[in-house]
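All heavy atoms count here, side chains included; hydrogens, waters and symmetry mates do not.
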Amino acid sequence: MGRVRTIKNARELLPQFKHFCNDAKLTLAKQNPIIKIEIGCGKGIFLLTHATHSPQTHFYGVEIIPTIIYKALNKIQQSELARPINNLWLLNIDANDLTKWFKPESIDTIYLNFSDPWPKSRHEKYRLTHQHFLKIYLQILKNKGVIEIKTDQPSLYTYTLAQIKLFKNLRLIYQTENLYQDQNALINNIPTEYETKFVQQGKPIYQIKLQKLN
């Protein structure tokens with residue numbers, strides 16, 4: 001996808017932004033909203049589109065690389081010149097720490113969009129659909145909460161389908177090996193920046209949707 005030029009002291013610069021979140025639990029303790037999070041939110045375009053379309057829903061983006069989240073926060077700030085955005089926050093944390101930030105059974109939807117496939121078998125534990133991470137998601141998802149996964153990598157798609165079979169409380173509710181051939185699924189689809197590029201290149205988009213069952 002191209003190397004991202006590192007911004008010096010990006011981590012220290014993040015707190016200056018309105019949409020940078022230092023304490024998600026503090027925000028969520030005051031209410032019981034619909035909450036959706038994207039893990040690996042990149043430049044934030046996907047969540048920004050969601051947030052403007054659904055102002056009553058709370059959206060959180062999780063991104064581990066400070067430079068990337070800095071750029072995403074800049075983009076959100078620029079978007080606010082047109083209209084206020086009061087339902088979107090970004091966190092500079094590792095997915096391993098989700099339970100430290102979000103209360104048990106507090107999340108309605110988790111998005112995993114074009115996560116790093118970590119193709120080498122010795123790196124399997126880093127894949128965001130590895131059973132280790134699925135266990136974490138299940139802790140913070142509400143009953144009947146949903147995990148939506150998109151990828152352009154057939155190997156990650158196949159791997160994910162195998163991983164979810166390890167869980168009795170995860171139900172497969174949708175799968176496709178070519179999202180853009182399913183017109184019904186595209187009705188409410190919001191593409192990511194990478195997704196748009198992949199489709200223009202003629203790449204199929206794989207999608208999996210899972211639901212948590214208590």
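- Within the structure, the salt bridge (charged side-chain N to carboxylate O under 4.0 Å, His left out) test picks out no pair touching residues 52-68 (sequence neighbours left out).
- Listed by chain and residue number, nothing satisfies the side-chain hydrogen bond (donor to acceptor under 3.5 Å, both in side chains) test with N87 (two or more places apart in sequence, or in another chain).
- By the side-chain hydrogen bond (donor to acceptor under 3.5 Å, both in side chains) test, Q131 pairs with no residue at all, sequence neighbours left out.
- Sorted by first and then second residue, the salt bridge (charged side-chain N to carboxylate O under 4.0 Å, His left out) pairs involving residues 81-90 (not counting sequence neighbours) form an empty list.
- Ring geometry for Y60 against F102 counts as perpendicular: the plane angle is over 60°, on a 0 to 90° scale with 30° as the lower cut.
- With sequence neighbours left out, K18 forms a salt bridge (charged side-chain N to carboxylate O under 4.0 Å, His left out) with E80.
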Could you list the donor-acceptor pairs under 3.5 angstrom formed by side chains in residues 38-49, with sequence neighbours left out?
unit_1: E38; atom_1: OE2; unit_2: N113; atom_2: ND2; d: 3.0
unit_1: T49; atom_1: OG1; unit_2: I45; atom_2: O; d: 2.9

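- Here Q163 pairs with nothing under the side-chain hydrogen bond (donor to acceptor under 3.5 Å, both in side chains) rule; sequence neighbours left out.
- For D182, the salt bridge (charged side-chain N to carboxylate O under 4.0 Å, His left out) test picks out no residue, with sequence neighbours left out.
- Atom-to-atom distance recorded for Q139:CD and T99:OG1 is 5.5 Å, nearest 0.5 angstrom.
- Take K144 and apply the salt bridge (charged side-chain N to carboxylate O under 4.0 Å, His left out) test, not counting sequence neighbours, and it matches no residue.
- Every residue was checked against the ring pair (Phe, Tyr, Trp, His ring centres under 6.0 Å) condition with Y159, not counting sequence neighbours, and none meets it.
- Here the options are K36, K212, K142, the test is salt bridge (charged side-chain N to carboxylate O under 4.0 Å, His left out), and the partner is D108; only K142 passes.
- E177 is linked by a salt bridge (charged side-chain N to carboxylate O under 4.0 Å, His left out) to nothing, counting only residues two or more places apart in sequence or in another chain.
- Surrounding CD1 of I65 are at most 12 heavy atoms belonging to other residues, nucleotides or ligands under 6.0 Å away.
- Applying the 4.5 Å side-chain rule to ILVMFWY residues, one finds W118 in the same cluster as Y126.
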